[in-house]
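First up is the structure itself, then whatever we jot down about it.
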Amino acid sequence: MSIYDTLNKEQREAVAATQGPLLLLAGAGSGKTRVLTHRVAYLIQEMGVPPWNILAITFTNKAAGEMRERVDSLVGAGSSQVWVATFHSTCLRILRRYIDRLGFDNHFTIYDTDDQKSLVRDICRRLQIDTKQMREKEFMGAISSAKDQLISPTEYQLKAMGDFRLGKIASVYLAYQEELKKNNGLDFDDLLMKTVELFKACPEVLEQYQDRFRYIMVDEYQDTNTAQFELIRLLAGERRNLCVVGDDDQSIYRFRGANIRNILDFEKIYPDARVIRLEQNYRSTGHILEAANAVIRNNAGRKEKTLWTSREKGSRVRFRQFENGYEEAEFIAEDIARLVKRGQTAYGECAVLYRTNAQSRLLEESMVTMGLPYRVVGGVNFYARKEIKDILAYLKTVDNGRDDVAVKRILNVPRRGIGDTSLDRLQSFAQARNISFFEALEEADRVPGLGRAGTKIAAFVEQIRVMRTKARIYGIKELIRDVIESIGYAEYLRDQDGDEEETQDRLNNLEELMGKAAVYSQTHEDPTLSEFLEEVALVADIDSLEGESERVLLMTLHSAKGLEFSQVYLAGMEDGLFPGYLSLPSGDSQDMEEERRLAYVGITRAKDQLTLTCARTRMMRGETQRNAVSRFVREIPGELLDSSLPGSYWEPEKEMEREAGEREPVPAYDFRPRAFLRSRATAQENKPFIAQGIGSLNRIAGISKGVGEIRLEALDYGEGDRVNHTKYGEGTVLKIDREPRDYKVTVLFDRAGQKIMYASFAKLKRVP
DNA sequence: GTGCCTGCTCACGGG
DNA sequence: GAGCAGGCAC
C-alpha cells in the first residue's frame with residue numbers, strides 16, 4: 001500500500017498533475033495541505049525530482065512551519081532540501097545574496113512598522129507636512145499599497161499629477177525610499193518589490209532561480225497580491241510547473257493588497273491550466289458545514305462550489321447572547337471547564353476566536369479566573385515589544401553601527417541625559433559628512449554645540465565598545481544577559497513601569513529572547529550575531545504551536561486560518577464588531593464580503609462543535625455600545641442553531657427601547673442569555689439577579705448536567721482566610737459555596753478586587 | 001533634558 | 001480604555 005492510497009480521486013489527480021500550471025480549488029477542510037505535502041513526496045519519490053528543485057511558498061510562518069513538519073515526516077531523507085518558506089523569507093534569502101546588484105549593501109536591515117512610522121514622521125517634519133491634516137498612517141498605507149502593486153515613486157508621481165493629496169503622498173514616498181536606501185534599510189513590502197525588481201534587472205539571477213525552482217507550489221493563493229503574483233510568474237518562467245492552491249471563499253487579506261483576481265483569473269493568465277476542485281470536507285460535521293455554506297452563499301462573485309461531508313450531522317451550532325462582554329467571556333471559560341471536566345474534550349482541542357485583538361483581554365481574564373491553561377496567539381508581535389526592540393537595537397549596534405534607527409533608539413535608553421537637541425545636532429553632523437549616526441557619535445567631540453552631552457555620548461560609545469569586545473567571546477544568550485545587566489535595564493524598566501507585575505512580564509519576555517538565542521546557537525553550525533538578528537527580523541511570534549496541546553488557544557480569526565479544532569467558540573458575533581463598523585455602512589460591498597469570508601473561515605475551523613456568542617452591550621473605544629446580533633449569525637438557518645432562546649434573539653425594536661441606564665448591575669455569575677430572562681421573567685426582569693448554583697444555571701442555559709469526575713477535596717482555607725492566587729496576588733476569602741462538583745470561592749483581592757472562582761481550577765494557596 | 005499632565009486618536013487583520 | 005504626542009513646569 002502506498003502513501004497515496006489514502007487520498008481521494010481528486011486529491012490523487014492533483015498530486016499526479018505535476019507538469020504545467022494547475023489551479024487547485026480547495027474548499028475548507030478538503031485536505032489541501034495533505035495534497036501539497038503528498039505532491040512534494042510524489043515529485044521526489046515517483047518523478048525523481050531532486051528535493052532542492054521544489055519550492056513551496058506560504059503566507060505565514062505558522063503555515064510554513066506546519067508544512068515543513070509534514071513534508072519532513074512524509075518524505076524523510078532529503079526533505080530538508082525542499083525550500084518551504086513564506087514569501088517574505090524567500091525574498092529575504094534571495095536579496096541577502098544579490099541585492100548589491102541594486103545598489104544596496106547585502107547586510108541591509110529590515111524596517112518594521114514602528115521604524116517605518118518614525119521614518120515617515122521625520123520626513124513629514126522635513127517636508128513641512130502637517131501630520132494633523134494628513135496622518136502618518138495614511139502615508140504608510142498608501143506607500144504600502146503602492147508597493148504591493150509594484151508602483152515606484154516615480155510612477156506614483158506621474159499618476160498623482162494635479163491631485164494635491166496624491167502629490168503629497170508621492171513626495172513622501174520618494175523621500176521615504178531615498179531615506180531607506182541611505183540607511184540601507186528595506187521595509188516588509190520592499191522585500192517583495194525589490195526581489196521582483198532584481199529579477200527584472202538581472203535576468204541571469206532570475207534564470208538561476210528558475211533553474212533551481214523547477215516545481216513551484218503556492219499555498220493560500222487567494223491571498224497573493226500583485227507583487228507576489230509577479231514574483232511567482234517570473235519564477236515559474238517557461239517551465240510553468242506552477243501549482244497554486246486556494247479557496248476564493250477564504251480570501252481575507254484584501255486590506256494588505258491581496259488581489260482576489262489572481263485566483264479568479266488564473267485560467268485567463270494560464271489558459272491551459274488544469275483546474276481541480278476539492279469539495280469533500282473531512283473536517284466538520286454536517287451541521288457546521290451547512291452553517292458555513294449558508295453564510296458564504298450570500299457573497300456574490302465567487303467560484304461556485306459546494307462543500308459536502310460524509311460525517312454525521314453532529315450537534316447543532318450553539319448560539320448564546322449575553323448582556324456584556326464579561327458574561328460572554330465567563331460563559332466560554334465556564335463552558336470549556338465543564339466540557340473538560342466531563343471528559344468530552346481536552347483544553348488543547350478548544351479554541352476561542354475573535355475579530356479584534358482587543359477582545360482577547362476579557363477572555364484571558366476569564367481563563368485566569370477559572371484557572372484554565374490557555375495561550376494567546378499573536379496579539380502584539382513579540383519582536384515588536386518595547387523591551388525586545390530595545391535590546392535587539394543594542395545587539396544591532398554591537399553587531400554593526402550601520403542601523404541608524406537602532407542607534408537612535410537606544411542612545412537615551414536608559415536615560416543618559418542625551419535629548420532631542422543633541423540628537424538633532426548629531427543628525428545634521430552625520431548628514432553633512434555623509435557618515436552613519438554611530439560614526440557621528442564616535443566623533444562627538446567634533447560636533448559643535450554638544451556641550452555636556454558630549455561626555456555622556458563618549459561614555460555610551462565606550463559602553464558599546466566594551467560590548468563588542470565581549471561579543472567576540474560570549475554566546476548570544478550571554479551577550480544579551482550582559483547587555484541587560486550592564487545598562488541596568490531592569491532598573492530602568494522598574495522606573496518606567498511603576499508596576500512590578502509589568503516589569504516582571506517584560507523581564508520574562510527578555511528571558512524568552514535569551515531562550516530563543518540559545519536555541520538558535522544550538523541549531524546552527526556556525527552561529528553569528530548577524531545571522532541571529534537577520535533571522536529574528538521576520539518572525540512574528542516567538543513560539544510555534546507545538547507542545548501547546550494542553551492549552552486553550554485564543555486568537556484572531558485571521559491567525560486561525562489553516563488550523564482546526566474540535567471545539568470552536570466564535571466570540572463577539574455582533575454587528576459593529578464582526579462585521580466591523582467600518583464595513584457596515586457600505587452594505588454589501590467588497591468590505592462586507594471580506595468580512596463574510598472571514599466568518600466562513602471561522603466557522604469552518606470547527607470539527608465537532610461550534611459555539612457562537614455575542615454580547616448585547618460592549619465596551620468599545622471607551623464607551624459602552626449596544627450591538628445587534630451579527631448578520632452572519634442571522635444568515636444561518638434557524639434549524640441549524642441551538643439557541644435555547646427560540647426566535648427571540650433578533651429583536652431590533654426591543655433593542656431600541658432599552659436604555660443602558662435602566663439596568664441594575666449584574667453579578668458576575670449571571671451569565672444567562674438575557675433573552676431568556678425576557679421570555680421567562682418579564683415583570684421581574686430588572687431585579688438584580690441572585691447567583692444560583694451552577695447546576696441550575698446549566699439547566700437554564702439548556703445544558704444538561706454531566707457526571708462529575710472531580711473529587712471534592714477538602715480545602716485548606718476557609719472563609720476569612722488570606723489566600724494567594726498566581727495572577728491576582730493576595731486576598732481574603734469572603735465566601736465559599738459548596739457546589740455539586742466543586743467549591744465556588746469568592747475572594748476579595750487586595751489589588752484585583754472581588755473575583756469568584758472554582759477551587760479546583762484556581763489553585764488558591766493559603767497564606768500562613 | 002525630564003517628568004507630568006492633558007488631550008487626542010484609535011481598537012482590523014500579518015510579514 | 002489605553003497608548004501616545006505635544007505642551008508646560010521644573
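All chains are named by letter (A, B, ...) in the order of the sequence lines, taking the proteins before the strands, and each is independently numbered beginning at 1.
For A/I57 and B/dG15, the CD1 to P distance is 15 Å, given to the nearest whole Å. Distance, A/F59 CZ to B/dG14 P: 14 Å, rounded to whole Å. To the nearest angstrom, P of B/dG15 lies 13 Å from CG of A/D189. Taking atom CD of A/E595 as the reference point, atom C1' of B/dC12 lies 8 Å away to the nearest angstrom. What separates CD of A/E220 from P of B/dG14 is a distance of 14 Å, to the nearest Å. Taking atom CD1 of residue A/I110 and atom P of nucleotide B/dG14, one finds them 18 Å apart after rounding to whole Å. Look at CD on A/E574: it is 14 Å from P on B/dC12, rounded to the nearest Å. Residue A/L192 contributes atom CG, which lies 17 Å from atom P of B/dG14 at whole-angstrom precision.
Of the residues A/V352, A/V377, A/V376, the one that meets the side chain to side chain contact (heavy atoms under 4.5 Å, CB included) test with A/L553 is A/V377. The side chain to side chain contact (heavy atoms under 4.5 Å, CB included) test with A/Q116 singles out one residue from A/D187, A/L180, A/I143, and that residue is A/D187. When each of A/T226, A/D189, A/D190, A/N225 is tested with A/K147 by the rule side chain to side chain donor-acceptor pair (under 3.5 Å), just one qualifies, namely A/D190.
What you find for A/K456 and A/R416 is that their closest heavy atoms are CD-O, 3.0 Å.
Side-chain polar atoms of A/Y600 and A/Q250 form no donor-acceptor pair below 3.5 angstrom. In the model, A/Y326 has no side-chain atom that pairs as donor or acceptor with a side-chain atom of A/E365 under 3.5 Å. The closest side-chain donor-acceptor pair between A/Q222 and A/E220 falls under 3.5 angstrom.
In the 5' to 3' direction, nucleotides of DNA chain C lying under 4.0 Å from heavy atoms of chain A begin and end at C/dG1 to C/dA5.
Listed candidates were B/dG1, B/dG15, B/dG14. Nearest to the side chain of A/T113 is B/dG15. Nearest to the side-chain atoms of A/R355 among the listed nucleotides B/dC12, B/dG14, B/dG1 stands B/dC12.
Residue-to-nucleotide contacts include no donor-acceptor pair under 3.5 Å from the side chain of A/N357 to the base of B/dG13.
Residues A/F59 and A/Y253 fail the side-chain proximity criterion, which asks for heavy atoms closer than 4.5 Å. Considering only heavy atoms from C-beta on, A/V568 comes within 4.5 Å of A/L353 through its side chain.
Using a 4.0 Å heavy-atom criterion, one finds that A/R618 contacts no nucleic acid atom at all.
The separation of C/dG6 from B/dA11, taken at their C1' atoms, amounts to 22 Å, rounded to a whole angstrom.
A 6.0 Å sphere centred on OH of A/Y489 holds more than 12 heavy atoms belonging to other residues, nucleotides or ligands.
At a non-hydrogen distance threshold of 4.0 Å, A/T86, A/H88 from residues 84-99 of chain A come into contact with DNA chain B.
Atom-to-atom distance recorded for A/L363:CG and A/L554:CG is 5.5 Å, nearest 0.5 angstrom.
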Query raised in the report: Which parts of nucleotides 2-11 of chain B does protein reach within less than 4.0 Å, heavy atoms only, written one letter per nucleotide 5' to 3' as B for base, S for sugar-phosphate only and - for none?
Result: SS-----SSB
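Seen from the ring of A/F437, A/K408 counts as a face-on cation partner, given the 6.0 Å and 45° thresholds.
Put simply, A/F255 rests on the base of B/dG13: the two rings are less than 5.5 Å apart at their centres and nearly parallel, under 30°.
Taking only side-chain nitrogens and oxygens, A/S559 comes nearer than 4.0 Å to OP1 or OP2 of B/dG14.
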